[in-house]
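Reviewing the structure listed below.
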Amino acid sequence: MLNFTLTKSQQTFRDYIHQIAVEEIRPLSLECDRNAQIPEAFFWTMQRLLAPSSVPSSHGQGEEKQTQIRSMLLNEELAWGDAALSTALPGPGLAAPPLLSQGTPEQQAKFFALYADDQLHWGALALTEPGIGSDVAGMSTTAVLDGDEWVLNGQKHYITNGARADLIITFATIDKELGREGIRPFVVPKGTLGLIVGRIEKKMGLRASQTAELIFANCRIPRDHLLAGREPGKKAGFKAAMGTLDATRPMVGVIALGIARAAYEMTRQWIKEELPLGYPLQKRQQIESELEEIWQELQMARLLIWRAAWMADCRIPNSKEASMCKAYAGGLVMKATSSAVRITAPGENSEMRQLLQKWFRDAKVFDIFEGTAQIQRLVIARRLFPEIDIP
């Protein structure tokens, strides 16, 4: 039986997170964007307010369980406040999906325990490398077993929270000749000898979110820091990488949705309250029609995202659905923010205009990271036409 209605508990949770976005996140948005920094006090505040939602769990009771649907509700509202700040929040972050899908119960207990104290801790995922982009199979970072230790060598870039992360789930190949079958996920703790933080990227959008280069120079980690407990075998590591993207792509999609919704709501408010008197009726109707179309697409994007998240909660393979919602929301956020900037052009350079311009800059990356739109279409096509060998 289909049910598209949030439970009372879910609605209360979403309202609570939205209030946090209104009171704690949105007021800091422009300042943090200008300075490309986030005050440490903000992290402590969010740690206190979001503590029950910060650490994923593979178990739980009733609606208190940390589900993908709950994560979608959380991240849409946080991104409505500010996407850069929401991606910089303390917690395991992108390290969580591979830990949950590939870690043994003992590994999960060990590594997630770090995030259960009252201190600030972050997690990161190191997958992307210079020169390979979305071609995960072309990975060049290596891991060689030397006694009871793995030795990692290579370079990763565009790593969200990479410089501050306490745990970095790093994908590397144990044998380049094996291609994708040689890829494995490893847990690299902060401060490990041979782990070097390179440059911090200066970006056009999401400026307050830290994006780092990581270098592994004879980086040694214990043998049991290899994540391969849930699905051992030759292809386990590549499946872990793809499974991680299946979990993170809906997350990227819902953050894009949050930005697009914020831009739509602010533009709608501007039309109601500030559209210049005497504005031609025909042009006003065209704008209203354009916004009505964006509103419909916001609803469609949310349903695609919720479906992919629901499938993940039910342990149903969702690669196609994850790519669909990420590709759709990534295109929608560009459409919504560019329309907002254009429609409100007659207005003054107010805080509203500055926010809309910021969201326009933030939007572009959602068509790029976690796999470009072209990659999403390729994933979708391969699953729609499994009988055809699509390169």
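Below, all heavy atoms of this structure are taken into account, side chains as well, without hydrogens, waters or symmetry copies. The chain is numbered in sequence order, starting from 1. All of these numbers come straight from a predicted model, not from anything done at the bench.
Val151 and Ile196 are not part of a single hydrophobic cluster, where members link through side-chain heavy atoms under 4.5 Å apart. Cluster annotation: Val22 is not connected to Leu73 through the hydrophobic network of ILVMFWY side chains, with a link wherever side-chain heavy atoms come within less than 4.5 Å. No chain of hydrophobic side-chain contacts below 4.5 Å, direct or via other Ile, Leu, Val, Met, Phe, Trp or Tyr residues, connects Ile200 to Ile215. Linking Ile, Leu, Val, Met, Phe, Trp and Tyr residues whenever their side-chain heavy atoms come within less than 4.5 Å places Leu332 and Trp295 in a single cluster. No continuous path of ILVMFWY side-chain contacts below 4.5 Å connects Leu281 to Ile343, so the two sit in separate hydrophobic clusters.
Considering only heavy atoms from C-beta on, Cys325 stays 4.5 Å or farther from Arg307 through its side chain. For the pair Leu6 and Phe13, the minimum side-chain heavy-atom distance is 4.5 Å or more. Residues Ile221 and Leu152 are in side-chain contact: their nearest non-hydrogen atoms beyond the backbone lie under 4.5 Å apart. Using a 4.5 Å cut-off on side-chain heavy atoms (C-beta onward), Glu40 and Leu120 make contact. Here the side chains of Arg220 and Leu193 are not in contact, with every heavy-atom distance at 4.5 Å or above. You'll find the side chain of Trp310 stays beyond 4.5 Å of the side chain of Asp313, heavy atoms only. Considering only heavy atoms from C-beta on, Phe171 comes within 4.5 Å of Leu125 through its side chain. Side-chain contact between Thr128 and His157 is present, with heavy atoms from C-beta onward closer than 4.5 Å.
Side-chain polar atoms of Lys203 and Thr211 form a donor-acceptor pair below 3.5 angstrom. Defined by atom type and a distance below 3.5 Å, a donor-acceptor pair is present between the side-chain atoms of Asp246 and Ser319. Thr87 and Ser209 share a side-chain donor-acceptor pair at under 3.5 Å. With 3.5 Å as the limit, one finds no donor-acceptor pair spanning the side chains of Gln19 and Asp15.
Within the 3.5 Å criterion, the main-chain N or O of Gly91 finds no donor-acceptor partner in the side chain of His121. Side-chain atoms of Asp166 come within 3.5 Å of backbone atoms of Trp122 as a donor-acceptor pair (strictly under, hydrogens ignored). Put simply, the side chain of Tyr158 never gets that close to the backbone of Glu213: no donor and acceptor are under 3.5 Å apart. Of the possible polar contacts, none joining the Lys190 side chain to the Leu195 backbone as a donor-acceptor pair under 3.5 Å is found. The backbone N or O of Arg34 sits less than 3.5 Å from a side-chain atom of Arg207, completing a donor-acceptor pair. Judged by distance alone, with hydrogens and angles left aside, the side-chain atoms of Gln107 form no donor-acceptor pair with the main-chain N or O of Leu99 at under 3.5 Å. Not a single donor-acceptor pair under 3.5 Å links the side chain of Glu293 to the backbone N or O of Ser289. Judged by distance alone, with hydrogens and angles left aside, the side-chain atoms of Glu24 form no donor-acceptor pair with the main-chain N or O of Thr45 at under 3.5 Å. A donor-acceptor distance shorter than 3.5 angstrom exists from the side chain of Asn75 to the backbone of Ser71, with no hydrogens or angles considered. Within the 3.5 Å criterion, the main-chain N or O of Gln37 finds no donor-acceptor partner in the side chain of Asn35.
Classification of Glu351 and Lys358 as a salt-bridged pair fails, no side-chain N sitting under 4.0 Å from a carboxylate O. Ion pairing of Arg284 with Glu288 is present here, as a side-chain N (NZ or NE/NH1/NH2) and a carboxylate O approach within less than 4.0 Å. Of the charged side-chain nitrogens involved, none lies within less than 4.0 Å of a carboxylate oxygen, so that Arg249 and Glu370 do not count as a salt-bridged pair.
Across every non-hydrogen atom of Gly179 and Thr173, the tightest pair is O-OG1, 4.5 Å.
For the salt bridge (Lys or Arg N to Asp or Glu O under 4.0 Å) test with Glu297, the passing option among Arg302, Lys335, Arg261 is Lys335; the others fail.
Atoms CZ and CH2, from Arg353 and Trp270 in turn, are 8.5 Å apart once rounded to the nearest 0.5 Å. Distance CD1/Ile174 to CD/Glu181: 10.0 Å, rounded to 0.5 Å. Asp82 contributes atom CG, which lies 11.5 Å from atom CD of Glu31 (distance to the nearest 0.5 angstrom).
In terms of the side chain to side chain donor-acceptor pair (under 3.5 Å) criterion, residue partners of Glu290 (sequence neighbours excluded) are, by chain and number, Ser339, Arg342. Taking the side chain to side chain contact (heavy atoms under 4.5 Å, CB included) definition, one finds that Lys364 meets it with Met204, Met334, Asp367, Ile368, sequence neighbours left out. Checked against side chain to side chain contact (heavy atoms under 4.5 Å, CB included), Gln286 has the following partners two or more places apart in sequence or in another chain: Gln282, Lys283.
Classified by interplanar angle (parallel below 30°, tilted 30° to 60°, perpendicular above 60°), the ring pair His18/Trp80 is tilted.
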